[in-house]
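Position 1 is the first residue of the sequence, and the numbers go up from there. Just so it is clear, the model here is predicted, and its values are computed rather than measured.
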Amino acid sequence: MANIAGSIKRRRIKGEGAWGYAFIAVALVAFAMFTAYPVVSAFMISLQEYKPLGSTYIGLDNYTNSLKDALFWKAMGNTLLYTVLTVPVNLLLSMAIAVLILPLRKKTQSFFKAVYYLPVVASGVALSVVWLWIFDPMEGGILNQLIRFFGFSNQNWLGSSSTAMFSLVLMSWLSSHGTSIIIYLAGLLGIDDAYYEAAELDGANFFQKIRYIVIPALKPATLFLLVTGVIASFQVFQNAYLMTGGGPNNATTMVGLLIFNNAFTYFEFGKAAAQSLILAVIIAGISVIQFKYAGKDVEY
């Protein structure tokens, strides 16, 4: 009898497993079609001198040539610089704005959340047109009008090697906080008021509450935003492509833009595929390091 009962139980478990796979079948098919297959295809292309009408197998030449390419490392350096300058500042600004919005009434909170989230849903091309107007090197440019008020002369913000990268960084600082603010606000609303009341009884001031209550409580959100922010900044393409085209003198050529140019300007699809996979490995390595050192005491 025990054997029969065990057999029935195993069949039931198998049946439940089949239903589970049936429910996730659509997601599995989508993953296979739009993630797994493109990755495998990119790897196969990276081993070839790819041509639409007959490719030649060249092994790891595309990888070695990319790693020896000075422009690739310049683009990687530009991307790293952009990441270092934007991600920490964006996290700090987003947290500060979320803390300022928190005490407001719900309707006022909703208004500010909508205002800050609007650039996220707006067209990237439309935003770039606005920023091109702001960075206009002529006297009519908004930023030039502002600095002239303080006695400075006009600057060619996007056309000079000394200011082009700063212009893209400034664009990121002022226009990419919507998602982070909403996530931080959700985290702040989850902090029990008892912690603030206990801190007040101990004589803690505003900044001490931020340091000892808010920052530790927001560690999971901060880790998530840090990892996703670094991934997004290493894949940045649209801003450099629309604002500067990678110039001047490759001062704003990011890895994503370099891969795009190799594939669709120079038609070196094998080299572009190899560089994209190198970038994927670098991003994965950085993410592992972030989880290892920044996520030690984070509870999910």
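Below 30°, between 30° and 60°, or above 60°: for Trp173 and Phe166 the angle between ring planes is above 60°, a perpendicular geometry. Between Phe269 and Tyr50, the two ring planes are perpendicular [angle over 60°; tilted spans 30° to 60°]. Ring geometry, Phe237 versus Tyr241: the interplanar angle falls under 30°, so the pair is classed parallel (tilted spans 30 to 60°).
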Verdict with supporting geometry, Ser172 and Asn90, side-chain hydrogen bond (donor to acceptor under 3.5 Å, both in side chains): CA-CA 8 Å; Ser172 176; Asn90 286 343; 3.1 Å; yes

Walk me through it: do Glu49 and Lys271 pass the test salt bridge (Lys or Arg N to Asp or Glu O under 4.0 Å)? CA-CA 8 Å; Glu49 184 179 351; Lys271 187 176 182 179; over 6 Å; no

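Looking only at atom types and distance, the side chain of Trp157 has a donor-acceptor partner in the side chain of Asn144 under 3.5 Å away.
A distance-only check finds no donor-acceptor pair linking the side chain of Asn261 to the backbone of Tyr266 [under 3.5 Å]. With hydrogens and angles ignored, the 3.5 Å screen pairs a side-chain donor or acceptor of Thr253 with a backbone N or O of Gly246.
Tyr82 and Phe234 fall into different hydrophobic clusters, where Ile, Leu, Val, Met, Phe, Trp and Tyr side chains are chained together by heavy-atom contacts under 4.5 Å. Tracing side-chain contacts under 4.5 Å through hydrophobic residues (I, L, V, M, F, W, Y), one reaches Leu174 starting from Met243; they form part of the same cluster. Leu146 and Phe135 fall within the same hydrophobic cluster, defined by Ile, Leu, Val, Met, Phe, Trp and Tyr side-chain heavy atoms under 4.5 Å apart, directly or through other members.
Shown here are the side chain to side chain donor-acceptor pair (under 3.5 Å) partners of Thr163, two or more places apart in sequence or in another chain: there are none.
Taking each heavy atom of Ser66 and Ile278 in turn, the nearest pair found is CB-CD1, 4.2 Å.
Remark: Tyr116 OH to Ile101 CD1 distance equals 6.0 Å, nearest 0.5 Å.
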